[in-house]
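To start, the structure itself, in structure tokens.
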Amino acid sequence: MRILSGIQPSGKLHLGNYLGMMKPVLDLEQKGESFIFIANYHALTSVDDPESLRLNTMDVALDFLACGLNTDRTAFYRQSDVPEVTELMWILSNVTPMGLLERCHSYKDKIARGLASNHGLFAYPVLMTADILAVQSDLVPVGRDQKQHIEVARDIAMKFNNQYGEVFRIPEASIQSDAAIVPGLDGRKMSKSYGNTIDIFGDAKEVKGKIMRIVTDSKSVEEPKDPDSCNVFAFYRLLATDEQREDMASRYKEGGLGYGHVKKELAELFEARFAPLREKRRELAGNPGIVEDVLRRGAERARSEAVKTLERVRYAVGLA
Ligand code: ADP
Ligand code: TRP
């Protein structure tokens, strides 16, 4: 089975991104032949500063490698290092009905939020389709917000196959469940746009400061507390083992436990989990050659598939 997922290079990795996207993608990596890429062509729809795009791209590469991406199993690459994808996108554009793209929520949402409407933004799902079909991926792990785009990819692949013969495998989405939504410091969904994030690779002191500022109710130390309605516990449970979680829940209910104390334990859990990754990231950042080498090898692997696919596609449509 082939598995592919793309990640837009869009800023610092926070706990929500890590648990909601990166961890599930890395877990799936074990289950087949994986392709994971940094969607820098897609990022051009929202980033217009060249230096930011370059820096963010390197940041994502470092994040994934520090979090344990297995470079023997997985082709890890920059989307723009596989230019076959853009050729395929053009060919697929010709079997893509306008109506299919006009119905996409993500496009409509972006326009509603004030992004200028341009062809890149509109054609975004066709580029995603090309990413997936170029390497003939079977499974595509994505967040809920991307589900419709995978349906677009399936439609386009079927339409192409109907018109030109069976060239493409029909991909399927693997959607991460709602249970994985990570709350932010203020209890809303953790998101860069709400400024309520804890960054995985943030400075240890700064992370601790943020944890100590998590909003709670004003119950005294002595009072029994409800873990299920507590913001601090919501974080604690995400990082704790089952045993630690149950133990903490009963300490909440007994009373005699202050929120400050729970926050301290939470900060310790966070450190235990992420300090080694932070260290690994620091090492890699000092060795950009290693990162470049991984991305180059990943691109070679992805390209070898994309070139094969494009040969069949070009022949099927009459270009070759
Ligand atoms: P942000 O909301 O901070 O801008 P993005 O929209 O760039 O984050 O999300 C990147 C990836 O991280 C997506 O796959 C998304 O599903 C996942 N993600 C973002 N925030 C959360 C969260 N709070 N809980 C779970 N997953 C999240
Ligand atoms: N659009 C996706 C996102 O913002 C990233 C992406 C680009 C992608 N191409 C893809 C995801 C192909 C899966 C498959 O999250």
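Just follow the structure's listing: the first ligand is 1, and inside any ligand the first atom is 1. Note that these values count all heavy atoms, side chains included, but never hydrogens, waters or copies made by symmetry. Computed from a predicted model, the values in this text were never measured in an experiment.
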With only distance considered, is [X] within less than 3.5 Å of ligand 1 through an N or O on each side?
X    : answer
M190 : yes
G16  : yes
D145 : no
V182 : yes

Main chain of P141, side chain of S5: is a donor-acceptor contact present, judged purely on distance under 3.5 Å?
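Between the backbone of P141 and the side chain of S5 there is a qualifying donor-acceptor contact (under 3.5 Å).
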Using a strict 4.0 Å cut-off to heavy atoms of [X], name the atoms of ligand 1 that fall inside it.
X    : value
S10  : 7 (O)
S191 : 1 (P), 2 (O), 3 (O)
I181 : 24 (N), 25 (C)

Using the ring centroid of each side chain, check whether F201 and F274 are separated by less than 6.0 Å.
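Here the rings of F274 and F201 have centres that are no less than 6.0 Å from each other.
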F233 ring center near Y252 ring center (under 6.0 Å)
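So the answer is yes for these two rings.
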Min heavy-atom dist [X] to ligand 1 below 4.0 Å:
X    : value
M22  : no
L19  : no
S193 : no

Is any side-chain heavy atom of R169 less than 4.5 Å from a side-chain heavy atom of D138?
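Yes, side chains in contact.
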With a 4.5 Å heavy-atom cut-off, do I211 and I198 have their side chains touching?
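In short, these two side chains touch, coming nearer than 4.5 Å.
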H42: ring-ring contact (aromatic ring centres under 6.0 Å, His included) partners, not counting sequence neighbours
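Result, ring-ring contact (aromatic ring centres under 6.0 Å, His included) vs H42: Y124.
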Which is closest to atom 16 (O) of ligand 1 in terms of heavy atoms, P24, G143, S5?
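Result: the heavy atom closest to atom 16 (O) of ligand 1 is in G143.
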Can a side-chain donor-acceptor contact be found between E243 and T241 if the only test is distance below 3.5 angstrom?
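Absent: no donor and acceptor within the cut-off.
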Validate the cation-pi geometry between K110 and F122: distance from NZ or CZ to the six-membered ring centre under 6.0 Å, angle to the ring axis within 45°.
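Here K110 fails the 6.0 Å and 45° test against F122.
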Establish, for the pair R188 and Y194, whether the NZ or CZ atom is under 6.0 angstrom from the six-membered ring centre and no further than 45 degrees off its axis.
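Satisfied, under 6.0 Å and within 45°.
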For the side-chain contact (heavy atoms from CB on, under 4.5 Å) test, which of L101, I91, L88 pairs with V126?
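For V126, the side-chain contact (heavy atoms from CB on, under 4.5 Å) check succeeds only for L101.
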Any idea which residues sit under 4.0 Å from ligand 2, heavy-atom distances?
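Within 4.0 Å of ligand 2, protein side: L4, G6, Q8, F37, A39, H42, Y124, M128, D131, I132, V140, V142, Q146.
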Region of H14 engaging ligand 1 - heavy atom pairs below 4.0 Å:
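Just the side chain.
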Look at R103 together with E151 and state whether they make a salt bridge at an N to O cut-off of under 4.0 Å.
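Not counted as a salt bridge, because no side-chain N and carboxylate O are separated by less than 4.0 Å.
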Salt bridge flag under 4.0 Å for residues E84 and K308
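So E84 does not pair with K308 through a salt bridge.
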